[in-house]
Amino acid sequence: MIKVLFFGPVADRVGLRQIEVPFRDGLCWQDVRDVLQPQYPEAFALVSVTAVNGERVRDDGHTPLADGAEIVFMSRVSGG
Amino acid sequence: MIKVLFFGPVADRVGLRQIEVPFRDGLCWQDVRDVLQPQYPEAFALVSVTAVNGERVRDDGHTPLADGAEIVFMSRVSGG
Amino acid sequence: MSDAVRLQLEDFSQDEEVRALRASSQRMGGIAIFLGCARDFSEGRDVCEIGFDAYRPMALAELERLRAEAIERFSLLDARIVHRLGTVRAGDNIVFIAAGAEHRAPALEACRWMIDELKERVPIWKKEITPTGESWVTPHP
Amino acid sequence: MSDAVRLQLEDFSQDEEVRALRASSQRMGGIAIFLGCARDFSEGRDVCEIGFDAYRPMALAELERLRAEAIERFSLLDARIVHRLGTVRAGDNIVFIAAGAEHRAPALEACRWMIDELKERVPIWKKEITPTGESWVTPHP
């Protein structure tokens, strides 16, 4: 299972703070995004950064995920 | 009477914190300096700023002083 | 003593934070602090409260990294960062950042760098709650 | 409430100073603070105490002017400056400067400007008292 978390304005637009996506071998974060974005287009319009397991991703989205990975699709941060 | 004050390292080298100089019409701060500097050459070697009545002087030292004026010959400040 | 980097609901005391910062070295000659607080007025609307949402584990890790990078980059003697979560009211503290160095220039530069970086990369989101509704703050690019 | 600009023998509380600063406006979103403190080590020598001498009336007037200029130049909502006199020990506070503005950039810039200007133009002189004697601090040009 892959856990997808939403925070702040993205969570408001998705209407959920967490979604679980079934794991399969070779699944990448871009695959997860490709599934979710059409369902929540307004939320994903805000997304500018993706984090996998608490680290900002720097790959092109095609590195395979491990089962149990945690993905966060984040809008621009506004703390401070 | 003109009051001349010394502070910090200048006071230490003069060995005094205050000197009084007789007033005469037309006396300027440069005249006062010309009298004191030969007496306290080591102290005046440190002097970089002169204040008259609490204001940094910006004139060439030839504006006449009023009786009772307060002059301070100051070394570079080091507060903060 | 409290941790040098914290996310917390409750307010903090600057005197205590500075005491903790200073305890790390007696060579500290300059401490620069940035304190962010909730304004009652933003973009022309009255703001009563500010609510925060955060991806907590990542936010804390990013703040720890920010502190370590600042210490390294500006040769600081120590640094501290405290960010509040939950809901705060107009006038309340939001964030405290302190940088201590032997001299003032690196302390001031590091403080500025830390708040600028925090606002760019730490996963915390701010919502303004006004008498007529609430809205997430859109960061200025 | 205490004056926004002070020369004093006793220590100060940052929490109190910040509270006073903030009382001037609820629009204050950013407060930048510089805190100068006595190091126990300067130019390779141990320093036990630091003594100050000041041309008090002029120092106070210059600090007042500095504050007014900073408020004007950086559109601050308020600013405060406290400088201690007398003798302080290693680790003690020497100077507190705070700048409050709606946003962080002017607060940070004003704080830096005030401490830089203070060190250039306010008639206060600092003496380091070490186990082997005392000496006036020579400012770096």
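Here is the naming used below: chain letters follow the sequence lines, and residue numbers restart at 1 for every chain. Values below: every heavy atom of this structure, side chains too, minus hydrogens, waters and symmetry copies.
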(message) I'd like to know if the side chain of D:K127 reaches the main chain of B:G8, judged simply by a donor and an acceptor atom lying under 3.5 Å from each other, with no hydrogens or angles considered.
(response)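 Answer holds: no.
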
(message) Please check this pair: side chain of D:H83 against backbone of B:G79, looking for a donor-acceptor N/O pair closer than 3.5 Å.
(response)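 Looks like no, no N/O pair under 3.5 Å.
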
(message) Nearest 0.5 Å, please: how far is CE in D:M58 from CZ in B:R56?
(response)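 Nearest 0.5 Å value for the CZ-CE distance: 4.5 Å.
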
(request) Return yes when atom CG of B:D60 has more than 12 non-hydrogen atoms of other residues, nucleotides or ligands closer than 6.0 Å, and no otherwise. (result)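 Result for CG/B:D60: enclosed.
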
(request) Answer yes or no: does atom CD of D:E64 have more than 12 heavy-atom neighbours from other residues, nucleotides or ligands under 6.0 Å? (result)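 Yes, enclosed.
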
(request) Could you pull out the closest heavy-atom pair between D:Y55 and B:G54, with the gap in Å? (result)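 Shortest heavy-atom separation between D:Y55 and B:G54 comes out as OH-N, 3.5 Å.
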
(message) Show the nearest heavy-atom pair for residues D:L118 and B:V77, with the distance to one decimal.
(response)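 Heavy-atom minimum between the residues: O-CG2, 4.4 Å.
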
(request) Taking atom types as modelled, find out whether D:W136 and B:S78 have a side-chain donor-acceptor pair closer than 3.5 angstrom. (result)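 Distance-only check fails for D:W136 and B:S78.
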
(request) For chain B, find which of D:A54, D:P57, D:A61 contributes the most heavy-atom pairs closer than 4.5 angstrom. (result)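 The option with the most such pairs is D:A54.
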
At a 4.5 Å cut-off on heavy atoms, which part of [X] comes close to chain B: side chain, backbone, both, or neither?
{"X": "D:A59", "value": "neither"}
{"X": "D:V137", "value": "both"}
{"X": "D:R84", "value": "neither"}

(message) Could you tell me if the side chain of B:M74 sits less than 4.5 Å from the side chain of D:W125, heavy atoms only?
(response)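 Yes - at least one pair of side-chain heavy atoms lies under 4.5 Å apart.
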
(request) Using heavy atoms and a sub-4.5 Å threshold, report which of residues 12-22 of chain B line up against chain D, by residue number. (result)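 B:D12, B:R17, listed by number.
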
